[in-house]
Amino acid sequence: MDMKLHNFLYLFILTSWLTACHTDSHTTYLLRQADSLLNVQPDSAQTLLRVWEDSMANQPEDIQMYYQLLCIKANDKNYIAHTSDSLILPIVTYYTKQRNKTHLPEALYYAGRVYSDLNDAPRALEYYQQAIDVMKHEKLIDYNLSSRIYSQMGTLFVYQELYNEAPEMFRKAYWYDSLLKDSTGLVFDLRDIGGAFALKNQQDSAIYYYNQAGEMALQIQDSTLLSMVFLELAGNYIDWGYYSEGYKKLQIAQQKLDTLSISAYYTAMARYYHFTNQYDSAIYYYKNKLYLPSLLHKAGAYEGLADIAHRQGDIIKALNYYEQYMLYEDSLQQTVRTEAVDRIHALYNYQQFKKENVLLKRQAFKQKRLIFLSTVFLIFLLLISIIFWQKQKRKEQTILLQQEKLKRLREEIKATQVVRETSQKDLQQTEIWKKLHQPIEKNEAIKMTDTDWTELTQAIEETYPHFVQRLNELCPLSQKELQVCLLIKTNVPLTQIADIVYSSKQGISSLRERLYKKFTGKKGKPKDCDNLIRNI
């Protein structure tokens with residue numbers, strides 16, 4: 001029978017049975033069936049739970065709570081992020097008060113999952129630890145749940161950069177998966193242990209566990225898992241400078257890439273070819289990364305492309321790539337600052353939560369809170385200082401690059417000065433020049449059409465080749481800014497320039513000051529801008 005048809009009939013039978021049954025025992029039995037289905041077909045189970053939603057309103061409290069727990073579990077299994085703790089907390093409170101603690105460990109686990117999604121790592125870890133404590137105290141055995149708890153704890157330790165604690169958590173997850181004989185889980189556990197050692201820069205241990213994970217994936221003939229493990233190992237090899245080993249692992253990994261792995265694959269391949277000076281291949285993979293949605297991947301791609309262009313002597317292209325890199329890097333810095341603030345808030349909220357539950361230690365808590373907030377404030381100031389210093393350093397580098405471009409441009413201008421003096425005479429014979437310099441009556445203004453602007457641009461380009469391009473290389477110009485530059489180049493009086501572009505004389509003066517700042521990276525007078533434009 002087709003699997004989809006089988007699932008449909010299964011859901012239909014369970015739904016019909018729930019509709020026909022009115023006893024609590026039957027309803028509880030069906031919810032347990034849905035619970036079992038969640039572990040193998042979470043999307044189908046979630047559909048079933050949604051169908052039952054209306055029928056749950058009149059059920060006893062224990063059944064409603066079990067149903068709500070399954071709904072939270074279904075969202076988690078289907079990778080739907082939790083956005084609030086309002087649903088899970090009443091469930092935890094309910095099962096905490098019950099004499100039968102069977103469902104309490106799982107309720108505590110999903111409380112941890114909720115707070116993980118809310119970026120409140122300390123509170124998530126506390127709920128995970130409570131789940132473990134309850135299972136030990138009540139002598140409840142659930143290897144699958146225990147494995148998931150320790151795996152999540154290890155992940156949170158990594159997230160908080162507590163790399164020393166993470167490997168032990170992943171080892172415990174591995175132990176429970178061994179008891180379950182869950183080969184797939186073991187691959188993930190070994191991979192996670194290797195990743196934790198890699199973060200600690202313990203290369204030998206990291207390589208050992210990654211290779212163990214790869215061997216396990218080969219034993220169960222799961223090429224997707226094998227690709228995942230070796231792709232991650234390859235990235236670490238390349239970061240450590242073991243390029244040939246990294247390339248070998250990449251050749252294996254590319255045989256079964258999934259959608260989630262493609263970004264890591266592009267990154268590893270680009271870095272491998274970049275670091276081994278195979279620039280054409282590196283450029284190919286960097287450009288593929290530009291189509292990925294992540295800001296981090298885009299920033300990394302532009303940074304790599306800028307470095308290659310610089311090494312190849314293409315300064316203009318390197319500058320363009322570097323400018324794109326800076327745009328994405330600024331966005332990433334904002335994200336980093338936001339995450340840092342979120343972590344600080346999570347820690348602060350966690351301390352507040354503990355305060356509400358430890359009233360007898362209020363005075364001691366106040367002292368700790370003061371120290372904590374002072375530390376947070378100092379850390380925050382340090383982060384701000386670092387960010388400001390980096391921003392200032394980038395600004396100085398940008399100014400130096402701008403000045404270097406300007407210096408080269410002036411040298412080119414000096415070399416072609418004699419030719420320009422001859423060409424200037426030809427420019428003065430054009431119709432557009434004559435139109436701009438014709439005598440005009442008082443209170444009248446020269447009217448420029450789109451054709452006139454095109455003709456003026458062409459005349460200047462013939463006299464001063466690449467004039468517009470050079471302006472835009474110094475900085476991107478708006479249409480009005482470019483028109484003012486063209487009129488300055490043809491020595492049109494400033495009063496007439498203001499009339500032609502429909503601006504005031506003061507407005508034109510301000511625009512010229514801004515242009516000079518954009519061109520050179522430093523302040524100057526309007527006349528400085530005029531001299532710069534006339535010398536290009």
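Nothing here was measured: the structure is a model prediction, and the numbers come from that model. In what follows, every heavy atom counts, from backbone to side chain, and hydrogens, waters and symmetry copies are set aside.
- A salt bridge links Asp239 and Arg271; the closest N-O separation between the charged side-chain nitrogens and carboxylate oxygens is under 4.0 Å.
- With sequence neighbours left out, the ring pair (Phe, Tyr, Trp, His ring centres under 6.0 Å) criterion links Tyr272 to Tyr247.
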Under 3.5 Å, side-chain donor or acceptor atoms of residues 104-111 against the rest of the protein: list the pairs with distances, not counting sequence neighbours.
| unit_1 | atom_1 | unit_2 | atom_2 | d |
| --- | --- | --- | --- | --- |
| Glu106 | OE2 | Lys73 | NZ | 3.1 |
| Tyr110 | OH | Arg148 | NH1 | 3.1 |

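- Within the 4.5 Å cutoff, the side chain of Tyr284 has no heavy atoms near those of the Met269 side chain.
- Gln278 meets the side chain to side chain donor-acceptor pair (under 3.5 Å) test with Thr276; sequence neighbours excluded.
- In this structure, the side chains of Tyr266 and Leu257 stay at 4.5 Å or more apart for every pair of heavy atoms.
- Residues passing the ring pair (Phe, Tyr, Trp, His ring centres under 6.0 Å) test with Phe197 are Tyr209, sequence neighbours excluded.
- The side chain to side chain donor-acceptor pair (under 3.5 Å) test applied to Tyr237 returns no partner, not counting sequence neighbours.
- The closest side-chain donor-acceptor pair between Tyr66 and Asp35 falls under 3.5 angstrom.
- Side-chain polar atoms of Lys289 and Ser263 form no donor-acceptor pair below 3.5 angstrom.
- Remark: of the listed residues Leu190, Val229, Leu233, Leu233 is the sole one forming a side chain to side chain contact (heavy atoms under 4.5 Å, CB included) with Asn211.
- Looking only at distances, a side-chain donor or acceptor of Asn78 sits under 3.5 Å from a matching main-chain atom of Ala74.
- The residue from Met169, Glu165, Arg171 that alone fulfils the side chain to side chain contact (heavy atoms under 4.5 Å, CB included) condition with Pro167 is Arg171.
- The CD1 atom of Ile238 sits 10.5 Å away from atom CD of Glu245, with the distance rounded to the nearest 0.5 Å.
- Within a 6.0 Å sphere centred on OH of Tyr143, heavy atoms belonging to other residues, nucleotides or ligands number 12 at most.
- By the 4.5 Å heavy-atom criterion applied to side chains, Glu53 and Tyr67 are counted as neighbours.
- Nearest heavy-atom pair, Lys298 versus Pro293, reported as atom, atom and distance to 0.1 Å: CE-O, 4.1 Å.
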Side-chain donor-acceptor contacts of residues 215-228 below 3.5 Å, not counting sequence neighbours, with atom names and distances?
| unit_1 | atom_1 | unit_2 | atom_2 | d |
| --- | --- | --- | --- | --- |
| Asp222 | OD1 | Thr224 | N | 3.2 |
| Asp222 | OD1 | Leu225 | N | 3.1 |
| Ser227 | OG | Ala253 | O | 2.5 |
| Ser227 | OG | Lys256 | O | 3.2 |

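- Side-chain polar atoms of Glu61 and Tyr94 form no donor-acceptor pair below 3.5 angstrom.
- In this structure, CG in Leu305 is found 14.5 Å from OH in Tyr322, a value given to the nearest 0.5 Å.
- Two rings, from His82 and Tyr115, have their centers 6.0 Å or more apart.
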